[in-house]
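In what follows, chains are A, B, ... by sequence order, proteins preceding strands, each numbered from 1.
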There are 2 protein chains.
Amino acid sequence: MAPVDTFAALADPTRRQVLDLLSRRDRAAGELGAAFPSVSQPGMSRHLRVLREAGLVRVREDGRHRLYSLRWEGLAAVDAWLSKYRDFWETELDSLESFLDSKAAEAPPPKHARNRKGRP
Amino acid sequence: MAPVDTFAALADPTRRQVLDLLSRRDRAAGELGAAFPSVSQPGMSRHLRVLREAGLVRVREDGRHRLYSLRWEGLAAVDAWLSKYRDFWETELDSLESFLDSKAAEAPPPKHARNRKGRP
DNA sequence: ACAATATATATCACGACTGTTATGCGTTTG
DNA sequence: CAAACGCATAACAGTCGTGATATATATTGT
């Protein structure tokens, strides 16, 4: 249930960009590979495998092409994980807003320097 | 703008569990370390550094303790990234729903809860 | 059937990350 | 002030993931 593998899959910038491309339209593996000159064909193939195993993309075969498409369930799993924290940070945001509102009229240039101690 | 480092920080299960603990209350570094017997003290210290540098937690010094707390901005960055896809998968969900609705007469219990609203 | 295309897998080198032990620095306590 | 505590950093070994080259498999076209 926990998206254990999913975050690892998302840790790679190339894979996130692949998802970005797939969010617009489905694409063949080669098309995706061509979009990343820095990645070789086998490299892209393995990235796609990781995304597949993480449940983030789906493949269908079209002749000698393999068309990849985004799988919303995969991303929804991340969203579900995130929702555990949503209550928390909305509360925090509310307090921040209250705080800012309370001194809103004072300082136009928000030059907010809170104290910062030893950072080597 | 892209939470490049953030997803890498979230890729580790231990770090995600740390965030989970911090979502309930702030904790000292040692307290967090004690929660993970499989991780040594320096190990936890470095996990905390990664989370710090990813902007996911914040530290304040309290005597000889270092109290860690969750930083909502960090998780909000993930949420922002995810929101790029939210339109997409809601569309997909809608088609799924239409599809299911079209054969809904057969299955009475509509127990699917899809209440996630986008955060503007 | 053969060649070309499209993609996946095998294998290997390397760099990054995780975990461990040892140590340093600041803080509290007796 | 010295000893103990809390935590961070240093240095190092093992592991995992990524990238590259070479090869295997399947499909289309001639």
Open item on the list: Any side-chain N or O of A/Tyr68 below 4.0 angstrom from OP1/OP2 of C/dA6?
Closed with: no

Task: A/Arg25 and A/Arg27, any side-chain heavy atoms less than 4.5 Å apart - done: yes

- [ ] Locate the shortest heavy-atom distance separating A/Glu53 from A/Asp5; write the atom from each residue and the value.
- [x] O-OD2, 4.2 Å

Task: Reading 5' to 3' through nucleotides 24-30 of chain D, protein heavy-atom contacts under 4.0 Å coded B for base, S for sugar-phosphate only, - for none - done: ---SS--

Open item on the list: Expressed as a whole number of angstroms, how long is the span from A/Phe7:CZ to D/dG17:C1'?
Closed with: 19 Å

Task: Spacing of A/His65 atom NE2 relative to C/dA4 atom C1', expressed in whole Å - done: 12 Å

Open item on the list: On a heavy-atom basis, which atom in A/Thr6 and which in A/Gly74 lie closest, and how many Å separate them?
Closed with: CG2-O, 4.2 Å

Open item on the list: Are A/Asp12 and B/Phe7 packed together at the side-chain level, in the sense that at least one heavy-atom pair is separated by less than 4.5 angstrom?
Closed with: no

Open item on the list: Would you say that A/Val18 contacts A/Leu56 through its side chain, given a criterion of any heavy-atom pair below 4.5 Å between the two side chains?
Closed with: no

Grab the N/O contacts between the protein and nucleotides 11-14 of chain D below 3.5 Å, and write none if there aren't any.
none

TODO: Could you pick out which residue, A/Ser38 or B/Leu48, lies toward the 5' side of DNA chain D when each is mapped onto its nearest nucleotide?
DONE: B/Leu48

- [ ] Please tell me which of the listed nucleotides, C/dT7, D/dT21, D/dC7, lies nearest to the side chain of A/Arg66?
- [x] C/dT7

Task: Whole-Å gap separating P (D/dG6) and CD (B/Gln41) - done: 10 Å

TODO: Just jot down the side-chain contact (heavy atoms from CB on, under 4.5 Å) partners of A/Arg52, sequence neighbours excluded, or say none.
DONE: A/Arg49, A/Val57, A/Val59, A/Tyr68

- [ ] Nearest 0.5 Å please: distance from the CG atom of A/Leu82 over to the CG atom of A/Leu75.
- [x] 11.5 Å

TODO: Specify the closest pair of heavy atoms between B/Ala11 and A/Ala8, including all atoms of both residues, with the distance to one decimal.
DONE: CB-CA, 4.0 Å

TODO: Please report the closest heavy-atom contact between A/Ser69 and A/Leu22, naming both atoms and the distance.
DONE: C-CD1, 4.3 Å

Task: D/dG19 phosphate, OP1 or OP2, under 4.0 Å from A/His47 side-chain N/O - done: yes

Open item on the list: Exactly one of B/Arg58, B/Arg46, B/Arg15, B/Arg71 should register a side-chain contact (heavy atoms from CB on, under 4.5 Å) with B/Leu51. Which one does?
Closed with: B/Arg15

Show me the side-chain donor-acceptor pairs of residues 30-45 of chain A shorter than 3.5 Å, one per line, residues at least two apart or across chains.
from    : atom 1 : to      : atom 2 : distance (Å)
A/Glu31 : OE1    : A/Ala28 : N      : 3.3
A/Ser40 : OG     : A/Gly43 : N      : 3.3

- [ ] Indicate the atoms forming the closest heavy-atom contact of B/Ser83 with B/Ala80, along with that distance.
- [x] OG-O, 2.6 Å

Task: Sidechain N-carboxylate O distance under 4.0 Å for B/Asp79, B/Arg86 - done: yes

Task: Sub-4.0 Å heavy-atom contacts from residues 25-36 of chain B onto DNA chain C, ordered by number - done: none

Open item on the list: Output the rounded distance in Å from CE (B/Met44) to P (C/dG19).
Closed with: 9 Å

TODO: Give a yes/no answer on whether the side chain of A/Arg15 brings an N or O atom under 4.0 Å of OP1 or OP2 in D/dT18.
DONE: yes

Task: Rounded distance [0.5 Å steps], CG in B/Asp26 versus CZ in B/Arg66 - done: 15.5 Å

- [ ] Measure the angle between the two terminal helix axes of the helix from C/dA1-D/dT30 to C/dG30-D/dC1, five base pairs each, and quote it to 10°.
- [x] 20°

Open item on the list: Below the 4.0 Å mark, does D/dA20 have OP1 or OP2 next to a side-chain nitrogen or oxygen of A/Ser40?
Closed with: yes

Task: Whole-Å gap separating P (C/dG19) and CG (B/Asp12) - done: 6 Å

TODO: Mind calculating the distance between CZ (B/Arg49) and C1' (C/dA16) to the nearest angstrom?
DONE: 14 Å

